[in-house]
Amino acid sequence: MKNKLPGKRILIVEDNPILAYDISDLMDEVGAEPVGPALDVGTGMQLVRENHLDAALLDVDIGGEYVWPIAEELERHSVPYAFVSAQCRTDLLPEPFKGRRCIEKPAAHEEIVEALIAFTGEPNA
């Protein structure tokens, strides 16, 4: 999977450290630069404001707090994102986010990479 996302800066917001670092390792494997992981909403907001990002992967529920403020901040910065969550049912997502891609946990690495390629326009290498 090397070099599918060369140099792309991908924000990871996930409160489960094992999953967060698994996704971070996946970003390394595909040539992307992981930003984070943010294990809480406050850190995620700070990373959005302080970094140039090409895309983001957001868990919906971070330690009992929803990621909607991060999603809204990403939209203000025109950064594409997908949710990676066990809460992908559209009735659980607020109206502004119902059309967003939501990758059901446990997420296959290939599905995460496909979503990021679609966002960043990187060719399938």
Side-chain angles (χ1 to χ4, degrees):
M1 271 203 250
K2 268 286 187 219
N3 295 320
K4 287 199 172 204
L5 295 163
K8 297 299 180 184
R9 296 177 48 83
I10 311 298
L11 173 66
I12 302 163
V13 180
E14 169 62 62
D15 63 343
N16 178 319
I18 293 169
L19 293 176
Y21 290 106
D22 179 57
I23 294 171
S24 184
D25 288 347
L26 173 63
M27 295 303 97
D28 288 335
E29 286 175 28
V30 296
E33 182 181 335
V35 177
L39 303 175
D40 59 70
V41 171
T43 302
M45 290 293 287
Q46 183 177 352
L47 290 173
V48 172
R49 291 181 181 134
E50 293 177 356
N51 290 277
H52 165 76
L53 301 169
D54 295 296
L57 299 167
L58 311 176
D59 188 4
V60 168
D61 182 340
I62 302 295
E65 192 174 353
Y66 289 114
V67 295
W68 315 143
I70 297 172
E72 290 167 349
E73 190 72 11
L74 288 166
E75 288 185 13
R76 277 192 284 282
H77 288 73
S78 301
V79 175
Y81 62 91
F83 297 113
V84 180
S85 178
Q87 300 181 31
C88 280
R89 293 188 359 236
T90 54
D91 61 318
L92 294 175
L93 298 175
E95 194 59 44
F97 309 115
K98 286 191 187 297
R100 283 285 167 191
R101 183 160 187 177
C102 195
I103 301 166
E104 190 77 38
K105 285 182 183 176
H109 285 180
E110 295 78 17
E111 190 173 0
I112 291 171
V113 172
E114 283 174 19
L116 293 172
I117 288 169
F119 291 154
T120 64
E122 286 296 320
N124 274 329

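Values below: all heavy atoms of this structure, side chains included; hydrogens, waters and symmetry mates excluded.
To the nearest 0.5 angstrom, Asp22 atom CG is 9.5 Å from Met27 atom CE. Distance check: Ile70 CD1 to Ile62 CD1 gives 6.5 Å after rounding to the nearest 0.5 Å. Expressed to the nearest 0.5 Å, how far CD of Glu33 lies from CG of Leu5 amounts to 12.5 Å. Atom CD in Gln46 sits 12.0 Å away from atom CD in Glu73 (nearest 0.5 Å). Here Leu58 contributes atom CG and Arg100 contributes atom CZ; the two are 9.5 Å apart, rounded to the nearest 0.5 Å. Rounding to the nearest 0.5 angstrom, the gap separating the CD atom in Glu110 from the CG atom in Leu26 is 8.5 Å.
Counted by atom type alone, Glu14 and Tyr21 present zero donor-acceptor pairs between their side chains at under 3.5 Å.
Checking side-chain atoms of Arg101 against main-chain N and O of Ala82 turns up no donor-acceptor pair under 3.5 Å. Judged by distance alone, with hydrogens and angles left aside, the side-chain atoms of Thr43 form no donor-acceptor pair with the main-chain N or O of Leu39 at under 3.5 Å. Using modelled atom types, no side-chain atom of Asp54 and backbone atom of Ile10 make a donor-acceptor pair closer than 3.5 Å. Panel note: side chain Lys8, backbone Ala32; no donor-acceptor pair is recorded below 3.5 Å. Side-chain atoms of Asp40 come within 3.5 Å of backbone atoms of Gly42 as a donor-acceptor pair (strictly under, hydrogens ignored).
No side-chain heavy atom of Asp61 sits less than 4.5 Å from a side-chain heavy atom of Ser85. With contacts defined as side-chain heavy-atom distances shorter than 4.5 Å, the pair Leu53/Leu74 qualifies. At least one side-chain heavy atom of Asp59 sits less than 4.5 Å from a side-chain heavy atom of Lys105.
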Practice problem: Please report the C-alpha distance between Val60 and Leu93 in whole Å, then the side-chain angles of each, then the deciding distance to 0.1 Å, and finally whether the side chain to side chain contact (heavy atoms under 4.5 Å, CB included) criterion is met. | Solution: CA-CA 9 Å; Val60 168; Leu93 298 175; 4.2 Å; yes
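The aromatic ring centres of Trp68 and Phe83 sit less than 6.0 Å apart.
Note on Val30: it clusters hydrophobically with Ile103, by side-chain heavy-atom contacts below 4.5 Å among ILVMFWY residues. Taking hydrophobic clusters as Ile, Leu, Val, Met, Phe, Trp and Tyr residues chained together by side-chain heavy-atom distances below 4.5 Å, Val13 does not share a cluster with Ile23. Hydrophobic clustering (ILVMFWY, side-chain heavy atoms < 4.5 Å, transitive): Val48 and Phe119 are in distinct clusters.
The two atoms that bring Ala20 and Ile12 nearest to each other are O-CG2, 4.2 Å, heavy atoms only. Among all heavy-atom pairs drawn from Glu104 and Ala86, the shortest one is OE2-O, 3.3 Å.
With respect to Leu11, the side chain to side chain contact (heavy atoms under 4.5 Å, CB included) criterion is satisfied by exactly one of Leu47, Leu57, Val79: Leu47.
Residue Ile18 belongs to no hydrophobic cluster, having no ILVMFWY side-chain heavy atom closer than 4.5 Å to its own.
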